[in-house]
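The model shown is predicted, which means the values in this text are computed figures rather than measured ones. Just so you know, these numbers use all the heavy atoms, side chains as well, and skip hydrogens, waters and symmetry mates.
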Amino acid sequence: MAFDELIPDDASRRAFLRIAGAGLAGGSSVLLSACGGSSPAKNKLVAGSDPAAVRRTDISVLNAVLDLEHAAVFAYIAGIPLLSGHTRGAAAQFLGHELAHVSKLESTIRGAGGEPNPARSSYPLTNPRGAAQVLDILSTTESTLIDAYLGAIPKLEPGWLRAVAAGILANQGQHLSVLKLLQGRRPVPSAFVTASE
């Protein structure tokens with residue numbers, strides 16, 4: 001499958017390459033930092049963050065949601081070829097978001113002294129036969145992510161870690177709303193984000 005087919009418009013391709021480049025740059029900096037030298041700025045994750053305050057249990061919680069983010073990337077990559085038009089464009093944009101979530105979680109885990117879980121070579125998916133089934137899979141994937149982040153946030157100890165997770169949770173809610181709209185469902189069924197609606 002050609003890259004142009006996966007992410008058809010120039011703006012989405014540029015965003016994808018920017019995200020991929022940032023991930024590569026982040027991975028390269030981790031590799032280079034292992035060669036020696038240390039600087040306080042290197043460990044700065046977000047404003048107000050303190051890598052020393054991150055517990056092993058926090059890293060475990062972040063790795064659990066990272067596993068689901070890897071699965072979401074796989075679902076989007078597998079499903080986009082069966083979509084077209086605005087639906088395909090939205091899914092390509094959401095794929096870029098999921099890749100950014102993966103990159104952020106990986107850099108946060110590494111910056112806190114942990115080792116991020118790698119993506120598996122494949123994930124179990126039903127074989128969708130068309131756009132409607134792809135949208136069902138993606139909606140279920142986003143609901144699962146929302147549920148995971150809702151469960152993860154109270155378990156995270158430093159406030160800045162909760163802020164990282166809450167920012168990603170909000171974006172997953174946006175994805176689910178758009179996917180519901182594309183399915184002809186009510187995009188915002190209630191005043192509270194839950195995984196069950």
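- No hydrogens or angles considered: a donor-acceptor pair under 3.5 Å links the side chains of Glu98 and His175.
- Taken to the nearest 0.5 Å, the NZ atom of Lys180 stands 13.0 Å off from the CG atom of Leu135.
- Between Asp136 and Gln133, the side chains place no donor N or O within less than 3.5 Å of an acceptor N or O (distance only, hydrogens not considered).
- Nearest heavy atoms, Thr108 versus Lys104: OG1-O, 2.7 Å.
- Shortest non-hydrogen contact noted between Ser177 and Pro187 is OG-O, 3.0 Å.
- What you find for Lys155 and Asp58 is that their closest heavy atoms are O-OD1, 3.6 Å.
- Using a 4.5 Å cut-off on side-chain heavy atoms (C-beta onward), Leu179 and Phe94 make contact.
- A side-chain contact (heavy atoms from CB on, under 4.5 Å) with Thr144 is found for one member of Thr141, Asp147, Thr140 and no other, namely Thr140.
- Between the CD atom of Glu106 and the CZ atom of Arg110 there is a distance of 5.0 Å, given to the nearest 0.5 Å.
- Taking CG from Leu176 and OG from Ser143, the interatomic distance works out to 4.5 Å, rounded to the nearest 0.5 Å.
- You'll find the side chain of His70 reaches within 4.5 Å of the side chain of Tyr123, heavy atoms only.
- Here the side chains of Leu156 and Leu62 are in contact, with some heavy-atom distance below 4.5 Å.
- Looking at heavy atoms from C-beta onward, Arg162 lies out of side-chain contact with Pro154 at the 4.5 angstrom threshold.
- Under the ring pair (Phe, Tyr, Trp, His ring centres under 6.0 Å) criterion, His101 pairs with no residue, sequence neighbours left out.
- Here the CD-CG distance, from Gln172 to Leu145, works out to 4.5 Å after rounding to the nearest 0.5 Å.
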Without placing hydrogens or testing angles, list every side-chain donor-acceptor pair under 3.5 Å for residues 112-121, not counting sequence neighbours.
from	atom 1	to	atom 2	distance (Å)
Asn117	ND2	Asp67	OD1	3.1
Asn117	ND2	Asp67	OD2	3.2

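- Rounding to the nearest 0.5 Å places CD1 of Ile146 at 6.5 Å from CD of Glu142.
- In terms of heavy-atom proximity, Leu182 sits nearest to Ala90 at CD1-CB, 4.3 Å.
- Residues Ala148 and Leu68 approach most closely at CB-CD1, 3.3 Å, considering heavy atoms.
- The distance from atom CD1 of Ile137 to atom OH of Tyr76, rounded to the nearest 0.5 Å, is 11.5 Å.
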**OP:** Kindly determine whether Val134 and Ile80 satisfy side chain to side chain contact (heavy atoms under 4.5 Å, CB included), including the steps that lead there.
**Re:** CA-CA 8 Å; Val134 169; Ile80 287 172; over 6 Å; no

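- Applying the side-chain contact (heavy atoms from CB on, under 4.5 Å) criterion to Ala152, with sequence neighbours excluded, gives Val61, Val65.
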